Amino acid sequence: DGELSLSRAMINSSDKIIRKGGSSIFQHAAEGWKINSSLVMEIRKNILQFLDAERDVSVVKSSFKPGDVIHYVLDRRRTLNISRDLHSLLPEVSPMKNRRFKTCAVVGNSGILLKSGCGKEIDSHDFVIRCNLAPVVEFAADVGTKSDFITMNPSVVQRAFGGFRNESDREKFVHRLSMLNDSVLWIPAFMVKGGEKHVEWVNALILKNKLKVRTAYPSLRLIHAVRGYWLTNKVHIKRPSTGLLMYTLATRFCDEIHLYGFWPFPKDLHGKPVKYHYYDDLKYRYFSNASPHRMPLEFKTLYVLHNRGALKLTTGKCI
Ligand code: CTP
């Protein structure tokens with residue numbers, strides 16, 4: 001049975017498993033896990049019908065000229081001007097062109113990573129994808145440090161770098177980016193209005209400091225295509241989270257995808273509190289209906305895929 005069909009029934013049953021099972025289920029699931037390569041290939045093929053991650057991971061220079069006006073992907077009434085700085089940072093070709101890896105890690109930001117001891121294992125993967133410029137150095141034992149691809153929502157500037165209000169915020173940011181060397185920095189700049197000033201400041205700092213980081217800005221069609229794929233598979237997400245987006249893109253480049261730091265629940269299986277992020281005190285605002293994401297539904301979907309050998313989900317300690 002190679003076909004990927006994430007029916008409601010399957011998702012409900014995984015829900016029951018998660019509620020009933022306690023930690024032993026996950027431990028057991030981790031021990032018995034085996035890759036299902038034909039399913040991996042089939043998922044890659046199916047996703048390719050909606051998007052080509054090699055292309056959609058970023059717009060390229062030739063897509064625009066400075067001064068072009070585009071409509072925001074999730075707010076079509078509002079527009080953005082492609083500035084000179086932004087244009088100069090668009091890659092000539094896709095930063096993921098012809099890049100293929102045996103094993104990849106996609107690292108989410110859940111507090112479940114704390115005390116996991118997963119740092120070494122994460123860093124042992126051929127390609128490591130991280131989200132929202134999450135700090136690593138202070139958490140290296142649990143999250144590792146290798147970052148080949150890292151995302152940055154424009155809101156991160158406000159949330160983690162004081163809106164660049166003073167020089168030390170800017171220095172901290174430049175230092176964080178310089179640690180990335182020539183990794184890919186993926187900035188969803190065309191989603192909604194509001195972050196354009198932040199994106200411009202980020203671009204200016206990269207140019208001024210001649211940082212080597214390779215900037216990428218997702219294509220205008222990416223988010224709709226990803227949503228379309230999951231909807232077709234009966235996963236009713238409103239707007240895919242960064243983590244789900246990264247898994248979906250990674251299926252194009254990676255034969256074996258290992259997920260860490262995905263746990264969108266306020267408690268662990270023993271009832272102990274779990275922080276929303278491993279590195280800050282942000283609260284679980286995303287579980288309200290006002291949230292743009294449906295992370296628990298996404299998690300259940302990923303759990304089903306784990307059980308079928310399409311990906312490996314690590315939610316416990318790494319041995
Ligand atoms: N994640 C998770 N459980 C959590 C926190 C995060 O599974 N408790 C996963 C989600 O897939 C999320 C990813 O890790 O997308 C990265 O976390 P974060 O930076 O919080 O995600 P965003 O989706 O970017 O959130 P926001 O839209 O608020 O920026």
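Every number for a ligand or one of its atoms is a count from 1 in the order of the listing. Keep in mind that what you see is a predicted model, and the values were worked out from it rather than measured.
Classification of Asp142 and Lys115 as a salt-bridged pair fails, no side-chain N sitting under 4.0 Å from a carboxylate O. Salt-bridge formation is detected for the pair Asp255/Arg44: a Lys NZ or Arg NE/NH1/NH2 atom is positioned less than 4.0 Å from an Asp or Glu carboxylate oxygen.
Near Asn153, the atoms of ligand 1 lying under 4.0 angstrom from a non-hydrogen atom of the residue are 24 (O), 26 (P), 27 (O), 29 (O). The Asn132 neighbourhood of ligand 1 comprises atoms 18 (P), 19 (O), 21 (O), 22 (P), 24 (O), 29 (O), with distances under 4.0 Å to a heavy atom of that residue. Residue contact check: Gly108 has heavy atoms under 4.0 Å from atoms 14 (O) of ligand 1. For ligand 1, the atoms sitting less than 4.0 Å from at least one non-hydrogen atom of Thr242 are 15 (O), 22 (P), 23 (O), 24 (O), numbered in the order shown with element in parentheses. Set against the non-hydrogen atoms of Asn109, the atoms of ligand 1 under 4.0 Å away are 6 (C), 14 (O), 16 (C), 17 (O), 18 (P), 19 (O).
Considering only non-hydrogen atoms, atom 18 (P) of ligand 1 lies nearest to His277 out of His277, Glu298, Met295, Met246. Heavy-atom proximity to atom 1 (N) of ligand 1, evaluated over Cys131, Gly243, Gly261, Ser241, is greatest for Gly261.
Taking the six-membered ring wherever Trp is involved, the centroid distance between the rings of Tyr278 and Phe139 falls below 6.0 Å.
Neither the backbone nor the side chain of Arg130 comes within 4.0 Å of ligand 1, counting heavy atoms alone. Residue Trp263 touches ligand 1 through its backbone alone, judged by heavy-atom distances below 4.0 Å.
Here the CG atom belonging to Leu177 is positioned 6.0 Å from the CG atom belonging to Leu133, to the nearest 0.5 angstrom. Atom CE in Met191 sits 12.5 Å away from atom OG in Ser155 (nearest 0.5 Å).
Remark: Lys172 qualifies as a cation-pi partner of Phe161 under the 6.0 Å distance and 45° angle criteria applied to the six-membered ring.
Polar contact check, Ser155 against ligand 1: no nitrogen or oxygen pair lies under 3.5 Å apart.
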I would like to know whether Phe253 and Phe101 meet ring pair (Phe, Tyr, Trp, His ring centres under 6.0 Å); could you show each step before the answer?
CA-CA 6 Å; Phe253 314 111; Phe101 309 96; 7.3 Å; no
